[in-house]
Amino acid sequence: MSDNIFTQYISNRNTLVKNKKALQTTYIPDQLPHRTDQINEIVSIFSAALYGDKPSNIMIFGKTGTGKTAVMSYIGQELKKADPNEDKSVYVYVNCEVVDTPYSILYNIANQIIPDSEMRIPFTGWVTDKVYNELREYIDKKRKVFIIVLDEIDRLFAKAGEDIFYLLTIINEVLTNSKVSLVGISNNPKFIEFMDPKVRSRLGEVRIIFPSYDASQLEDILQARALMAFEDGILEDGVVPYCAALAAQDTGDARRSLDLLRIAADIAERNGDPSVTEAHVKSAKNKIELDAVAEVVRTLPSQSKTVLMSIIVNTEEGHNKMTTGMVFSTYKEVCNLIGCSILTQRRISDFISELDMLGIIYARVISLGRSGRTKEIELSISKDVINIIKNDDMFRNVSSYHPSKQMTLI
DNA sequence: TGTCCACTGGAAGGGAGGGCTT
DNA sequence: AAGCCCTCCCTTCCAGTGGACA
């Protein structure tokens with residue numbers, strides 16, 4: 001192969017990770033440490049399906065990164081192994097973060113279980129009732145137990161209301177040959193309280209809690225993945241406990257601890273280092289935090305970005321702290337420079353509160369006595385993140401701009 | 001103690017746009 | 001295709017507020 005811009009990276013490739021898949025959060029290992037009780041409970045309920053009985057509906061609650069989705073995927077795989085030809089049971093998984101309307105839920109379930117050769121439900125065009133009826137008829141015809149897993153079910157409830165849950169929970173009353181069992185997964189245990197009591201009790205026949213992992217449990221999980229991913233001697237001794245401790249400090253999120261380990265290994269590889277050290281984990285932590293804020297800032301709506309740019313402009317003029325009025329008058333001038341419409345101060349006040357909630361700025365309500373009551377606003381992002389906004393295409397005319405004299409400086 | 005300022009933040013409602021239903 | 005409904009984004013209105021100041 002002739003030399004080109006990729007050659008040096010290919011020839012100098014330093015691979016510390018022998019099995020990158022094992023460090024992916026989507027990878028489902030053969031063992032899920034510290035989730036045996038939950039797995040056993042769910043399996044004992046699901047086993048009814050293999051005898052043709054209807055398993056109870058289950059609601060699973062637990063914070064992000066507590067293994068809810070991983071456990072359900074694992075059990076789904078195992079169920080398929082126990083019933084490889086789907087003679088008795090069919091396992092269906094739907095992520096309600098992506099699929100969040102009644103029509104799309106039914107469409108998604110139907111297209112997972114009905115082969116194209118038998119029927120294809122169109123992406124749009126049918127009345128929801130028609131999809132429901134077709135799905136119900138197909139399910140009944142098959143004389144099997146259908147286990148339908150609805151991940152992030154609280155999002156579906158927030159977006160689509162409870163009608164879809166009502167339809168799904170009463171389906172067994174109109175089925176004569178088949179049975180449907182529902183599993184809802186949510187990180188918000190409160191949402192079910194807002195449901196109609198009948199739907200609530202049907203949906204949550206059994207409730208299973210996935211507690212957050214503590215540092216030593218996270219360490220076990222990481223250790224198992226590290227064994228799969230790295231050759232001996234590549235990871236320095238303290239690395240796994242350190243990743244586990246950092247993630248445990250947060251919310252006991254196993255996903256976060258895996259991210260730390262994977263990104264630390266990436267950094268070590270790119271530096272050409274022979275092993276992964278705690279220093280690499282520290283860099284990984286900084287990178288994750290910076291990336292998260294940068295991503296939030298990059299994807300802000302344009303009006304929100306303009307408000308943030310106005311705050312940046314004021315800060316660079318030496319006003320580290322400013323009022324809503326100051327931000328608004330700079331905002332109007334920035335709008336004129338970039339040619340976007342000017343919203344009202346009331347609306348800008350909301351944007352300021354949203355930026356505060358996102359942790360991009362710090363805003364608190366203060367009283368300046370005779371000078372009125374307002375918010376005191378200051379930036380709370382790093383230079384790197386500020387540069388992302390300043391280099392945004394929409395602000396190319398703003399680089400040489402200085403705001404008019406502000407009358408109400410703090 | 002009352003006044004005043006520069007807002008805050010809740011409420012109501014309009015308009016646009018998108019998805020669902022007929 | 002047209003109507004309906006919902007959500008989102010925004011405006012308008014306005015009562016309420018904390019503290020400096022007279």
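Residue numbers begin at 1 in each chain, while the letters A, B, ... track the order of the sequences.
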Next item on the list: Can you check whether any acceptor in the base of C/dG19 is under 3.5 Å from a donor in the side chain of A/R373, or vice versa?
Entry: no
Item checked: Nearest-Å distance for atom pair CG/C1', residues A/D350 and B/dT8 -> 10 Å
Next item on the list: Please determine, for the side chain of A/R346, which listed nucleotide (B/dG9, C/dT11, B/dT8) has the closest atom?
Entry: B/dG9
Next item on the list: Figure out the CZ/C1' separation between A/R347 and B/dG13, and round it to whole Å.
Entry: 15 Å
Notebook entry, point to check: Is the NZ or CZ atom of A/R136 both under 6.0 Å from the centre of the six-membered ring of A/Y138 and within 45° of that ring's axis?
Noted result: no
Check: Does any donor atom in the side chain of A/N108 or A/Q112 lie under 3.5 Å from an acceptor atom in the other side chain?
Finding: yes
Check: Within less than 4.0 Å of OP1 or OP2 of B/dC7, is there a side-chain N or O belonging to A/T323?
Finding: yes
Notebook entry, point to check: Does the B/dT3 base have a donor-acceptor partner in the side chain of A/R370 within less than 3.5 Å?
Noted result: yes
Check: Can you tell me how far CG of A/L203 sits from CG of A/L150, rounded to the nearest 0.5 angstrom?
Finding: 8.0 Å
Notebook entry, point to check: What are the two closest non-hydrogen atoms of A/P211 and A/Q38, and how far apart are they?
Noted result: CD-NE2, 3.5 Å
Next item on the list: May I ask you to evaluate whether A/T344 reaches the phosphate of C/dC10, defined as a side-chain N or O under 4.0 Å from OP1 or OP2?
Entry: no
Margin query: Quick check for you: to the nearest 0.5 Å, what is the distance between A/T69 atom OG1 and A/Y93 atom OH?
Written below: 4.5 Å
Notebook entry, point to check: Could you state the CG-P distance from A/L343 to C/dC8, rounded to the nearest angstrom?
Noted result: 18 Å
Check: Could you state the CZ-P distance from A/F351 to B/dT8, rounded to the nearest angstrom?
Finding: 15 Å
Next item on the list: May I have the distance from A/E376 (atom CD) to B/dA6 (atom C1'), rounded to whole angstrom?
Entry: 15 Å
Notebook entry, point to check: Quick one: is the NZ or CZ of A/R35 closer than 6.0 Å to the six-membered ring centre of A/Y213, and within 45° of its axis?
Noted result: yes
Margin query: When you measure from the side-chain N and O atoms of A/K375 to the phosphate of B/dA6, is any distance below 4.0 Å, counting only OP1 and OP2?
Written below: no
Next item on the list: Could you tell me whether the phosphate oxygens of C/dG19, OP1 or OP2, come under 4.0 Å of any side-chain nitrogen or oxygen in A/S371?
Entry: no
Item checked: Angle of first-five versus last-five pair axes in the helix from B/dT1-C/dA22 to B/dT22-C/dA1, to 10 degrees -> 10°
Checklist line | Euclidean distance, atom CG of residue A/L106 to atom P of B/dC20 [Å, nearest integer] | finding: 11 Å
Notebook entry, point to check: Between A/I348 (CD1) and C/dC10 (P), how many Å, whole number?
Noted result: 8 Å
Please report, to 0.1 Å, the donor-acceptor pairs under 3.5 Å made by any side chain of residues 357-370 of chain A, with sequence neighbours excluded.
from, atom 1, to, atom 2, distance (Å)
A/R364, NE, A/E376, OE1, 3.1
A/R364, NH2, A/E376, OE1, 3.2
A/S367, OG, A/G369, N, 3.3

Note to self: If I take atom CD in residue A/Q345 and atom C1' in nucleotide C/dC14, what distance separates them, rounded to the nearest angstrom?
What the structure shows: 15 Å
